[in-house]
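Below is one structure, written out as structure tokens; the observations come after it.
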Amino acid sequence: MYRDMTCGEPRQTDAGKVVTLSGWVHRRRDHGGLTFIDLRDYSGLMQVVFNEDSAREAHALAGDLRSEWVVKVKGTVQERRAGADNPDLPTGTVELIASDLTILNRSETPPFEVEDELNIADETRLRYRFVDLRRPRMYKNLKLRHDVIQAARTYMVGENFLEIETPILLKSTPEGARDYVVPSRVHPGEFYALPQSPQQLKQLLMVSGVDRYFQFAHCFRDEDLRADRQPEHTQIDLEMSFVEQEDVLQILEGLYTAMVKEVRPELEVPTPFPRMTYAEAIERYATDKPDVRFGMEVCRLTDIVAQSGFGVFEGVAKSGGAIRAIVAPGCADYTRRQTDELIEFVKSSGAQGLIPMHISADVSSVDEMTLEDVRSPIRNHVSLDVLRAVANEAGAGPGDLILIIAGTESVVNVAISNLRGEMGRRLELADPNTFNFLFVVDFPLFEWDDDRNGWAAMHHVFSSPRPEDADLLDSDPGAVLGQLYDLVLNGVELGSGSIRIVDREIQEKVFQLIGHSPEQVEERFGQLLRAFQYGAPPHGGMGLGLDRIVMLLAGEENIREVIAFPKTQAAVDPLFEAPGAITDEQLKELSIRVVDSGG
RNA sequence: GGCCCCGUGGUGUAGCGGUCCAACACGCCGCCCUGUCAAGGCGGAGAUCGGCAGUUCGAAUCUGCUCGGGGUCGCCA
């Protein structure tokens, strides 16, 4: 028998009880004849007292204890003497007066202490993840993730969704992300691919009459990593039959409010989740995943400055580019050094540069403004009228700083939306306790792919156009809007979904537009299209990043913090040292010969 | 693939051309100590400064390359 309670449990009401506790030695305070141990497990800390007078043997043994040793202690729970309470601990009014001590396991000196505040290099943490995860914050994150999953499952089951697992070993569908592949021993030269998402499988389940499916699905993508991207991640994957877009959105709203309410009931979650079209999001925020907790909307200055006399603007406008800006309120006093920092920031987002325009706080209004009230590299190149027009269009006033970026539409949008996020952080405009979910709807079905010089599916090839846009498939593919939607939270894309195409004619047009040959279509989608020939219900669904929502709920800024064993940016697991070589025997069995890459 | 930042005892940092065979804090080791809870006191061990090459009379410090970590653009249907 190892324990009667966990370390975090004992309270004053337990005083007098003889109990056994087990856990890790968090800290030892040795006063000679009296030794204190903070005994730790997942539930908390308990102070254990070893007294030389009353428990000579246990006290002697306690002197050997070191950090992270695993021990079992038997003793009596006792109220602490007056003035000796520790208000920082939930167990701080009691202590365990030890009578017996058993050392269950010794520990090497740990590579770092089990403390939340420590700032250890990620690689060291991952190499010793089993120690890292002992930190209360990490356990809290694991628990939070568990609770989110539980809340989601409870909600989905309550809405008549069936949880179904789908294969991890399947087939490569070379489109979108790079696949992780697994060689087949039985079929030399052939490979399985790990799913980038269970997309076709869940649609097959709809054809199978499942009606409503969900799964916590592992998804694998062999692409470069980011703070919010790991090579494998978990999606809350769902699909519903006989639904329209609004039916899916209703479920999503219910799901996410339920999850937040379960794990962070104090958070402000405005409902219903607002709907914003893709076009509106791009126009107002220059991104399809805006953080709508604060304003600072992005304006468009292209027409105003196209003939302003400033060469950069004129050139960009002439070549069909965009000139866009945001207003940093009250930031006119930004120093050269501060604006230089912002210039570096937008450069790292791909922009050529950034043009600041400071409007003096000493002027009463933009109309009263003179050249002397403006500080900007463009001041001497454009007229006062242009400066005023820029300020008015941007909605800037005295004391404000206008930040202008010029370039191609896509580059400007990336840079200015990143800059907006950065300024939002700097000025602390976003309330961390407000969760502003947002549905972005009416995405275009296709986007132009310069590399392939053709149309590509914005989401995936089974996403249905809006019924009213079906005719545009022939005349103007770029204008076709889809029954395509994203769920966005505080500037983070949580997931995408769509109503799927079940109309054969439309499906063929889409394949044609994307430039898939009939052979490619058969190779990649044959199984699903065949299924569709046997009675496919109208259906739609969504795939939602679990790691990201848990990250946001945990208040973390990196999904590694909410994944038990994540990988480094180079897709390496420092603990297992994965990936690694395999034996020659294994290679032979798999009919694989490793060619020196020459690197 | 591009760009930016980082790499000094176990951990986190300081040092940024000679006074550094490297400093501080925590941790670690030993001794003392019966009310601590980041215990305290005294003493001690531990890094050739990621690696390689170069500049220099002299390099932790400057340069180049390289490796590793982080962020980001591209990429992520």
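Chain A is the first sequence line, chain B the second, and so forth, proteins listed ahead of strands; every chain is numbered from 1.
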query: Between A:Asp122 and A:Gln199, which has a closest nucleotide on RNA chain B that is more 5'?
result: A:Asp122

- prompt: When you check the phosphate oxygens OP1 and OP2 of B:C28, does a side-chain N or O of A:Ser67 lie under 4.0 Å from one of them?
  reply: yes

message: With the threshold set at under 4.0 Å for non-hydrogen atoms, list the residues of residues 482-492 of chain A touching RNA chain B in residue-number order.
response: none

message: At under 4.0 Å between heavy atoms, how does the protein contact nucleotides 36-45 of chain B? Give one character per nucleotide, 5' to 3', with B, S or -.
response: BBSB------

- prompt: Which one of A:Arg28, A:Arg27, A:Arg134 satisfies the salt bridge (Lys or Arg N to Asp or Glu O under 4.0 Å) criterion with A:Glu68?
  reply: A:Arg134

Close N/O contacts between protein and nucleotides 8-11 of chain B (under 3.5 Å):
| from | atom 1 | to | atom 2 | distance (Å) |
| --- | --- | --- | --- | --- |
| B:G10 | O2' | A:Pro111 | O | 2.8 |
| B:U11 | O4' | A:Pro111 | O | 3.3 |

task: Using the P atom as the reference point in each nucleotide, state the distance between B:U48 and B:C73 in Å, no decimals.
output: 39 Å

query: If the C1' atom of B:U19 is compared with that of B:G58, how far apart are they to the nearest Å?
result: 13 Å

message: Say we look at B:G9 and B:C29: how far apart would their C1' atoms be, to the nearest angstrom?
response: 15 Å

message: Between B:A60 and B:G7, how many Å separate the two C1' atoms, rounded to a whole number?
response: 12 Å

task: Could you please spell out the steps behind the salt bridge (Lys or Arg N to Asp or Glu O under 4.0 Å) verdict for A:Glu113 and A:Arg135?
output: CA-CA 9 Å; A:Glu113 294 160 76; A:Arg135 301 155 75 198; over 6 Å; no

- prompt: Which residues pass the side chain to side chain donor-acceptor pair (under 3.5 Å) test with A:Glu577, sequence neighbours left out?
  reply: none

message: Within the 4.0 Å heavy-atom criterion, would you say A:Arg66 contacts the bases, only the backbone, or no part of the nucleic acid?
response: sugar-phosphate

task: Pick base, sugar-phosphate or nothing for A:Arg125, based on heavy-atom distances below 4.0 Å to the nucleic acid.
output: nothing

- prompt: Quick check: does any side chain N or O of A:Arg80 sit under 3.5 Å from a backbone N or O of A:Val94, one acting as donor and the other as acceptor?
  reply: yes

query: When we call it a touch if two heavy atoms are under 4.0 Å apart, what does A:Ala415 touch: a base, just sugar-phosphate, or nothing?
result: nothing

field: Interatomic distance at P, B:C3 relative to B:U66, whole Å
entry: 11 Å

In a table with atom names and distances, give each donor-acceptor pair under 3.5 Å that connects a side chain of residues 541-548 of chain A to protein atoms at least two apart or in another chain.
| from | atom 1 | to | atom 2 | distance (Å) |
| --- | --- | --- | --- | --- |
| A:Asp547 | OD1 | A:Arg145 | NH1 | 2.9 |
| A:Asp547 | OD1 | A:Arg145 | NH2 | 3.1 |
| A:Asp547 | OD2 | A:Thr234 | N | 2.9 |
| A:Arg548 | NE | A:Asp228 | O | 3.2 |
| A:Arg548 | NH1 | A:Glu493 | O | 2.8 |
| A:Arg548 | NH2 | A:Asp228 | O | 3.3 |

- request: Write down the distance between CZ (A:Arg548) and P (B:C76), rounded to a whole number of angstrom.
  value: 14 Å

message: Please classify the nucleic acid contact of A:Asp222 as base, sugar-phosphate, or nothing, using heavy-atom distances under 4.0 Å.
response: nothing

query: Under a 3.5 Å cut-off for both distances, is B:A59 Watson-Crick or wobble paired, and to whom?
result: none

task: Determine which pairs satisfy side chain to side chain donor-acceptor pair (under 3.5 Å) with at least one residue from residues 82-100 of chain A, sequence neighbours left out, and list them in order.
output: A:Gln47-A:Glu95

query: What pairs with A:Arg66 under side chain to side chain donor-acceptor pair (under 3.5 Å), at least two apart in sequence or on another chain?
result: none

Between protein and nucleotides 23-25 of chain B, what N or O pairs are separated by less than 3.5 Å?
none

field: B:C26 to B:G18 separation - P atoms, rounded to the nearest Å
entry: 29 Å

- prompt: Between the side chain of A:Ser417 and the main-chain N/O of A:Asn413, is any donor-acceptor distance below 3.5 Å?
  reply: yes

- request: Report yes or no: is there a donor-acceptor pair, N or O only, under 3.5 Å between the side chain of A:Asn558 and the base of B:G70?
  value: no

- line: A:Arg229 has its side chain closest, among B:U72, B:G74, B:G69, to B:G74

- prompt: Pairs in or reaching into residues 439-449 of chain A: which pass salt bridge (charged side-chain N to carboxylate O under 4.0 Å, His left out), with residues at least two apart or in two chains?
  reply: A:Asp442-A:Arg466, A:Asp449-A:Arg452

- prompt: B:G74 base to A:Arg226 side chain: any donor-acceptor pair below 3.5 Å?
  reply: yes

- prompt: Sequence neighbours excluded, which residues qualify as side chain to side chain donor-acceptor pair (under 3.5 Å) partners of A:Glu232?
  reply: A:Lys567

task: Describe the nucleic acid contact of A:Val414 in one word from base, sugar-phosphate, nothing, applying a heavy-atom distance below 4.0 Å.
output: sugar-phosphate

query: Ring centroid separation for A:Phe511 and A:Phe525, is it under 6.0 angstrom?
result: yes

message: Under 4.0 Å from OP1 or OP2 of B:G27: is there any side-chain N or O of A:Thr109 that close?
response: no

- request: Quick one: list whatever passes ring pair (Phe, Tyr, Trp, His ring centres under 6.0 Å) with A:Trp24, sequence neighbours left out.
  value: none

field: Separation between the P atoms of B:U55 and B:U63, rounded to whole Å
entry: 15 Å

- prompt: A:Gln569 side chain N/O closer than 4.0 Å to the phosphate oxygens (OP1, OP2) of B:G71?
  reply: yes

- request: Would you confirm whether A:Thr287, through its side chain, and A:Pro290, through its main-chain N or O, come within 3.5 Å as a donor-acceptor pair?
  value: no

message: Starting the side chain at C-beta, find the nucleotide from B:C76, B:G69, B:C75 nearest to A:Ala177.
response: B:C76

Identify each donor-acceptor pair in which a side-chain atom of residues 346-354 of chain A lies under 3.5 Å from a protein atom, sequence neighbours left out, and give them as a table.
| from | atom 1 | to | atom 2 | distance (Å) |
| --- | --- | --- | --- | --- |
| A:Ser348 | OG | A:Phe345 | O | 2.7 |
| A:Ser349 | OG | A:Asn418 | ND2 | 2.9 |

task: Show your working on ring-ring contact (aromatic ring centres under 6.0 Å, His included) between A:Tyr42 and A:Tyr139 and close with a plain yes or no.
output: CA-CA 7 Å; A:Tyr42 72 95; A:Tyr139 183 81; 5.5 Å; yes

